[in-house]
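Accompanying notes for the structure given below.
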Protein chains: 2
Amino acid sequence: MKLGQATIKDIARELNLSASTISRALKDYPGISDETKRRVKEVAKNMNYRPNAIALSLRKSRSFTIGVIIPEVVHFFFSTVISGIEDIAQSRGYNVILSQSNEKLDREISSIETMLSNQIDGVLVSYSKETESFDHFTRVLDQGFPIVFFDRAPAIPNAINVMVADYQGAYDATIHLISQGYKNIVHLSGPKALKISIDREQGYRDALEKNGISVNPANIIECPLGTLEEGQRLVSELFNSLPERPDAFFSCNDIGAVGAMKACRDIGLKIPLEVGIVGFSDWQFCAMLDPQLSSVSQPGFMMGARATEILIDIIEKKLDVETMERNLILETKLMERDSSRRF
Amino acid sequence: MKLGQATIKDIARELNLSASTISRALKDYPGISDETKRRVKEVAKNMNYRPNAIALSLRKSRSFTIGVIIPEVVHFFFSTVISGIEDIAQSRGYNVILSQSNEKLDREISSIETMLSNQIDGVLVSYSKETESFDHFTRVLDQGFPIVFFDRAPAIPNAINVMVADYQGAYDATIHLISQGYKNIVHLSGPKALKISIDREQGYRDALEKNGISVNPANIIECPLGTLEEGQRLVSELFNSLPERPDAFFSCNDIGAVGAMKACRDIGLKIPLEVGIVGFSDWQFCAMLDPQLSSVSQPGFMMGARATEILIDIIEKKLDVETMERNLILETKLMERDSSRRF
DNA sequence: TCTCTGTACGCAATCGATTTCAAAGATTAC
DNA sequence: GTAATCTTTGAAATCGATTGCGTACAGAGA
């Protein structure tokens, strides 16, 4: 019989009391006799009563649910972020509604609409690679609805962002390669639509220039897809086209770095002796490779956790959107491993 | 002003109509004049009206939301399953509420309670390693509430399960190792609490026996944690303790296989010449390793997608729980790669 | 003029829980 | 003995949308 859950009215009928009394008794409100409270709780337990959160949401205009819009779930970094989100949300009594955009703008838009219809209290967003206009976010923000962006910060004034120190991470990685004696360092960059790609490239550029190395535009290769095959192919082509052979690669992601690694191995170059490689993100597999891949570690769990804390603090008005710090930047850490260590 | 969304009443007031008329006009019900419909829709648009799904849920006792309880999000296989779930749910108009148990029973229990409170229409579950009693599920199932289990099938009569062919996958992997001439094959098994561990071990056993090789209990090593370090350590110990040195490892997961790989390399054994290795799950990184790791590929996306389809079909009564097929087993595929290919 | 048939819309109940206001009954104070 | 106070409980409105039923009005037919 799935005739459904017992409600407060069922308990009321059973005990010949009113719904109001049941509600108060269950919540230990004053003004209800101990005897009544006891009986109500007993019957509630026997009837396997479970409060209807939907009814509560309707009444309070609060659902204790936050939405998460994320480009991909099958992605080491993003799944780590989700884990952090879920962890904090759970501990603070919030549900998490998940939607992946698959890097598609239209899906991103429809997701946020559905979520708003479902009266979520706030939303965490990492926007898709396709997203160039942010109207669908500003519209909502202007209504005073809380949004916290993570990893990918949109060009919206006053948006609240939680990011990693992409610039600094890239800078550190490049400095590391320079310090290991690599001279001709190539950067495999990401899609230009993402601020993180631009920041990482800038970190690379500045590190070179600070060390008196002029940046050769031919040494910056855009890898829009970020797949292994793409990285491998582009690096192979590079070996054939560049007059001076590169002796190091700093990739804006780990998969691309593996592609570069394979391309190097294909033509018999020794890593790290002849070529140094550093990735970005420090995916799980970096330490499993041979040689182990150096990479810039991003605090994914922390990012999810902090973004969620901020969002919930805003929802619960523990933070004032007008005056709060709008950008939180989490530090990266360079994991030096064998793929780039010559000394 | 976050004074909130426009409601049907706001539109009604604006147009001097009743709420019922607005509702019907928006849904193109008959009995409303075309002119009224036009005006209502126009005002709705201007006021940026968004229907309140919570109110609907309350009225219909249907939330168009399904819950997902999963041990871990940061896990290649599970994240792939989530992706499949999310994909189908989205296309069929359902929201996904996500909760990770972190392999903890109490979190699993509280998650399902919260979700039920939130009036989800059904739930997809992969239970935690700690879960040994399934009362918290049967209680709910007995009320007629739809649950579909995936990957890890509980010992509940009549439960609906979507699994991969663990037995067959393990059988195939072992046969493959035998066919490559490996003689002394060790199995790194998983926690005995999980049916998948038992099935995989049985596949290994049967493959050996079908080929006239008797199963040596000392060749079955339980790896309850499933970490790289554990695998590496246990395999190293094995090399010191077993009288006859193993020449192949079939691990019930990929991480353990990498551990075994490292342990072999530590003592200078050549892969696949002297030792063959096969993992299970075919995580993304398998193809990135050197040598590439052979592994049994599990259709994670498919599993999530199929489980979700079944769940939604049950919710929408397109499937009859009494008469339907209760176990769906998805085929695995052995990905033969360099770590186990001698010929 | 009266009845009949549509058309176009409104009233009110409903979903489940909360909460304001009020009231019945018991007890105390003077 | 009566008013005042306290204890314990109930009625009803509310959140937003849906829906069965009722009704006002216009035009048609007799």
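Throughout, protein chains are lettered first and strands after them, A, B, ... in sequence-line order, and every chain is numbered starting at 1.
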When you check the phosphate oxygens OP1 and OP2 of [N], does a side-chain N or O of [X] lie under 4.0 Å from one of them?
X: Ser18(B); N: dG10(C); value: yes
X: Tyr29(A); N: dT18(C); value: no
X: Ser33(A); N: dT8(D); value: no
X: Ser20(A); N: dG10(D); value: no
X: Lys27(A); N: dT19(C); value: no
X: Thr36(B); N: dA8(C); value: no

Original post:
Where along residues 49-64 of chain A does a heavy atom fall under 4.0 Å from DNA chain C?
Top reply: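 Close to the strand are Tyr49(A), Arg50(A), Pro51(A), Asn52(A), Ala55(A), Leu56(A), Arg59(A), Lys60(A).
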**OP:** Evaluate the ring planes of Phe137(B) and Phe134(B), with Trp represented by its six-membered ring, and classify them as parallel (under 30°), tilted (30 to 60°) or perpendicular (over 60°).
**Re:**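 Ring orientation, 0 to 90° scale: parallel.
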**OP:** Give Asp34(A) one of three labels, base, sugar-phosphate or nothing, depending on what nucleic acid heavy atoms sit under 4.0 Å from its own.
**Re:** nothing
Original post:
Do the non-hydrogen side-chain atoms of Asp10(B) and Arg13(B) ever get within less than 4.5 Å of each other?
Top reply: yes
Subject >> Glu35(B) vs Arg39(B) side-chain heavy atoms within contact, under 4.5 Å >> reply: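 Yes; the side chains approach each other to less than 4.5 Å.
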[X] side chain to [Y] side chain, donor-acceptor N/O pair below 3.5 angstrom:
X: Gln5(B); Y: Gln143(A); result: yes
X: Thr131(A); Y: Glu108(A); result: yes
X: Thr21(A); Y: Ser18(A); result: yes
X: Gln100(A); Y: Ser83(B); result: yes
X: Gln90(B); Y: Ser99(A); result: yes

What is the distance, to the nearest angstrom, from the [atom1] atom on [X] to the [atom2] atom on [N]?
X: Arg39(A); N: dT8(D); atom1: CZ; atom2: P; result: 13 Å
X: Asp10(A); N: dC15(C); atom1: CG; atom2: C1'; result: 13 Å
X: Arg13(A); N: dT9(D); atom1: CZ; atom2: P; result: 19 Å
X: Arg24(B); N: dA17(D); atom1: CZ; atom2: C1'; result: 12 Å
X: Ile8(A); N: dA11(D); atom1: CD1; atom2: P; result: 15 Å
X: Leu26(B); N: dT18(D); atom1: CG; atom2: P; result: 8 Å
X: Lys37(B); N: dT7(C); atom1: NZ; atom2: P; result: 12 Å
X: Ile22(B); N: dC11(C); atom1: CD1; atom2: P; result: 13 Å

**OP:** Rounding to 10 degrees, work out the angle separating the end axes of the helix from dT1(C)-dA30(D) to dC30(C)-dG1(D) (five pairs an end).
**Re:**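 Here the helix ends are tilted 80° relative to one another.
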Original post:
Yes or no on side chain to side chain donor-acceptor pair (under 3.5 Å) for Ser33(A) and Thr36(A), after CA distance, side-chain angles and deciding distance?
Top reply: CA-CA 5 Å; Ser33(A) 72; Thr36(A) 304; 2.7 Å; yes
Subject >> Nearest-nucleotide comparison on DNA chain C, the residue closer to the 5′ end among Ala19(A) and Thr21(B) >> reply: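 Counting from the 5' end, the first nearest nucleotide belongs to Thr21(B).
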Original post:
Relative to Phe64(A), does Arg62(A) satisfy both conditions: NZ or CZ under 6.0 angstrom from the six-membered ring centre, and within 45 degrees of the ring's axis?
Top reply: yes
